[in-house]
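In what follows, chains are A, B, ... by sequence order, proteins preceding strands, each numbered from 1.
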Protein chains: 2
Amino acid sequence: MNEMQVQMWDNPRFRNWVAVARACQLVQQALARELKPLDLKPPHLDIIVNLMRSEGISQQDLAHKLLVGRSNMTMLLPQMEERGLIERRPDQADRRVLRLHLTAQGKALAKRAIAIQSDLIDEVMSVSSPEHCEIIGDAMRRMTALMLERDKIGMATRTRKEQKA
Amino acid sequence: MNEMQVQMWDNPRFRNWVAVARACQLVQQALARELKPLDLKPPHLDIIVNLMRSEGISQQDLAHKLLVGRSNMTMLLPQMEERGLIERRPDQADRRVLRLHLTAQGKALAKRAIAIQSDLIDEVMSVSSPEHCEIIGDAMRRMTALMLERDKIGMATRTRKEQKA
DNA sequence: TGCATTTCGTTCATAGTTGTACAATTCTGT
DNA sequence: ACAGAATTGTACAACTATGAACGAAATGCA
């Protein structure tokens with residue numbers, strides 16, 4: 001029973017991944033704290049950031065990019081709209097979808113929030129040289145690709161649709 | 001307004017940190033899915049793993065290690081105790097604290113759960129060479145140290161206690 | 001000893017997240 | 001054109017997480 005204990009922490013991959021998860025959690029918590037004065041939470045900022053990149057995106061696609069469920073968007077977006085940060089305009093080509101846009105006020109807040117986030121990230125990533133910073137980012141992007149591919153395969157074997165092929 | 005957009009994503013630190021956060025999120029989600037057959041959730045596994053390292057730890061110290069609030073432990077631990085995975089024994093030296101221990105059943109489940117987690121981590125970390133894996137882990141540990149130090153300083157300036165010095 | 005302060009765990013109200021079921025709309029294949 | 005399937009956003013219930021207030025126990029300091 002004790003071998004398991006040793007085994008886990010002697011495994012470099014395990015040890016180093018745990019370090020990644022812990023750092024992530026701490027940075028997220030710090031971000032939440034520093035965003036509080038703007039009355040924003042990390043999910044709101046994620047939405048704003050993605051909206052700057054993809055004006056007119058649908059709720060579904062946004063949820064997909066953020067790796068959360070659609071219902072999550074239904075909870076968050078209306079309250080951001082009431083706050084005047086975003087607009088949800090119906091798409092007349094497909095009347096099911098709502099296309100999302102940042103308002104001027106939303107962009108102004110985005111600027112301040114992103115400044116906070118960027119400063120925090122600059123601080124935490126400054127523990128690594130630019131070269132190591134790229135190594136880390138590259139590894140994480142490969143990891144993300146791997147996980148998304150995994151999910152896709154899992155979906156294909158579980159659903160009935162693809163079995164036709 | 002558009003300069004901000006470019007500015008963010010041209011900043012290597014920003015871009016690479018976002019990759020870290022996304023990978024983390026995906027791995028967490030995958031872990032949750034693979035743990036479902038054992039009827040465990042990531043927080044439970046975190047508790048179990050830390051309990052293997054630190055038999056007899058208090059709820060408070062455990063919460064501190066896991067970077068969550070004490071009330072979180074109060075929510076999770078009793079239900080794990082009822083399930084027979086852990087025991088909470090009062091400390092007769094200090095009758096406020098409850099010392100935590102894994103039961104035999106808890107250890108058995110831990111073994112299976114850790115096998116699942118290790119396999120997943122091995123898979124995702126296999127996108128990096130052992131050398132890069134260490135670079136990543138070292139960076140994240142420095143980052144964690146930086147954040148904890150930051151918090152400590154923040155606490156010291158806010159509380160009254162340390163002002164005596 | 002006595003009293004203020006701190007620490008540990010709990011309680012509870014609040015807020016955030018998820019999955020499922022649903023109505024409206026669009027797409028597909030005949 | 002039309003029936004069946006898929007997609008979009010919503011509603012809701014169940015679950016999870018968090019922070020503040022609390023009581024009990026311990027500690028520090030006169």
Side-chain angles (χ1 to χ4, degrees), chain A residues 25-26 28-33 35-36 39-47 56-83 86-100 155 158-164, chain B residues 25-26 28-33 35-36 39-47 56-82 86-100 151 155 158-164:
Chain A
Q25 200 178 347
L26 277 168
Q28 277 295 105
Q29 288 176 359
L31 180 63
R33 239 174 300 142
L35 244 30
K36 196 166 275 183
D39 197 24
L40 275 186
K41 310 215 163 160
H44 300 136
L45 180 53
D46 286 342
I47 289 173
I57 193 176
S58 71
Q59 293 193 182
Q60 172 112 255
D61 290 346
L62 181 57
H64 186 72
K65 280 199 179 195
L66 298 180
L67 307 172
V68 299
R70 294 149 269 167
S71 55
N72 204 319
M73 294 298 98
T74 305
M75 298 283 119
L76 296 176
L77 293 175
Q79 81 189 53
M80 291 180 72
E81 188 170 33
E82 284 166 21
R83 235 178 111 182
I86 63 168
E87 267 183 341
R88 301 193 297 165
R89 309 201 194 116
D91 180 336
Q92 64 262 52
D94 185 340
R95 288 179 311 186
R96 291 170 303 180
V97 328
L98 294 174
R99 307 228 155 261
L100 306 171
M155 294 271 290
R158 256 192 298 281
T159 66
R160 199 64 47 197
K161 192 168 65 170
E162 282 82 356
Q163 304 287 343
K164 283 191 251 177
Chain B
Q25 200 178 347
L26 277 168
Q28 276 296 104
Q29 287 176 1
L31 180 62
R33 237 175 303 141
L35 244 29
K36 195 166 279 184
D39 196 23
L40 276 185
K41 312 216 161 160
H44 299 134
L45 180 53
D46 285 342
I47 290 172
I57 194 176
S58 72
Q59 292 193 184
Q60 173 110 259
D61 291 345
L62 181 58
H64 186 71
K65 280 200 179 193
L66 298 179
L67 306 172
V68 299
R70 290 152 267 162
S71 56
N72 205 318
M73 294 299 98
T74 304
M75 297 284 120
L76 297 176
L77 294 175
Q79 82 189 54
M80 290 180 72
E81 187 170 33
E82 284 166 22
I86 63 168
E87 268 184 339
R88 302 195 297 165
R89 309 199 194 119
D91 181 336
Q92 61 261 58
D94 184 342
R95 288 180 312 186
R96 292 170 304 182
V97 328
L98 293 174
R99 307 226 156 263
L100 306 171
D151 288 358
M155 293 271 292
R158 258 192 297 282
T159 66
R160 200 61 51 196
K161 193 168 64 169
E162 283 80 359
Q163 304 288 340
K164 282 191 252 176

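Whole-Å rounding puts the B:Leu100 CG to C:dC8 P distance at 13 Å. Between the NZ atom of A:Lys41 and the C1' atom of C:dG16 there is a distance of 8 Å, given to the nearest Å. Between the CD atom of A:Gln60 and the P atom of C:dT26 there is a distance of 15 Å, given to the nearest Å. Residue B:Asp91 contributes atom CG, which lies 13 Å from atom C1' of C:dG9 at whole-angstrom precision. Atom CZ of B:Arg96 and atom C1' of D:dC22 are 15 Å apart (whole Å). Rounded to an integer number of Å, the gap from B:Gln28 CD to D:dT16 C1' is 14 Å. In this structure, A:Leu62 atom CG and D:dT8 atom C1' are separated by 14 Å, rounded to whole Å. Per the geometry, CD belonging to B:Glu81 stands 13 Å off C1' belonging to C:dG9, to the nearest Å.
The two residues A:Leu98 and A:Arg88 have their closest heavy-atom pair at CD1-NH1, 3.7 Å. A:Met73 and A:Pro78 make their closest contact through O-CD, 3.7 Å (heavy atoms, listed as atom of the first residue, atom of the second, distance). Smallest separation of non-hydrogen atoms from B:Arg70 and B:Ala63: CA-CB, 4.1 Å. B:Leu67 and A:Gln29 make their closest contact through O-NE2, 2.8 Å (heavy atoms, listed as atom of the first residue, atom of the second, distance).
In terms of polar N and O atoms assigned as donor or acceptor, the side chain of B:Ser71 comes within less than 3.5 Å of the base of D:dG19 in a complementary pairing.
If you find the closest nucleotide of DNA chain C to A:Val68 and to A:Gln92, the one lying nearer the 5' end belongs to A:Val68. Ranked by how close their nearest DNA chain D nucleotide is to the 5' end, A:Asp94 and B:Arg70 are led by A:Asp94.
Residues B:Ile57 and B:Lys65 meet the side-chain proximity criterion, which asks for heavy atoms closer than 4.5 Å.
Contact annotation: B:Arg88 side-chain N/O to C:dT10 OP1/OP2 distance is under 4.0 Å. In this structure, B:Gln59 reaches the C:dT10 phosphate: one of its side-chain N or O atoms is under 4.0 Å from OP1 or OP2. Between A:Arg95 and C:dA24 there is no side-chain polar atom (N or O) within less than 4.0 angstrom of OP1 or OP2.
Using a 4.0 Å heavy-atom cutoff across all strands shown, A:Met73 reaches no nucleic acid atom at all.
Among the nucleotides D:dT18, D:dT10, C:dT10, the one closest to the side chain of B:Asn72 is D:dT18.
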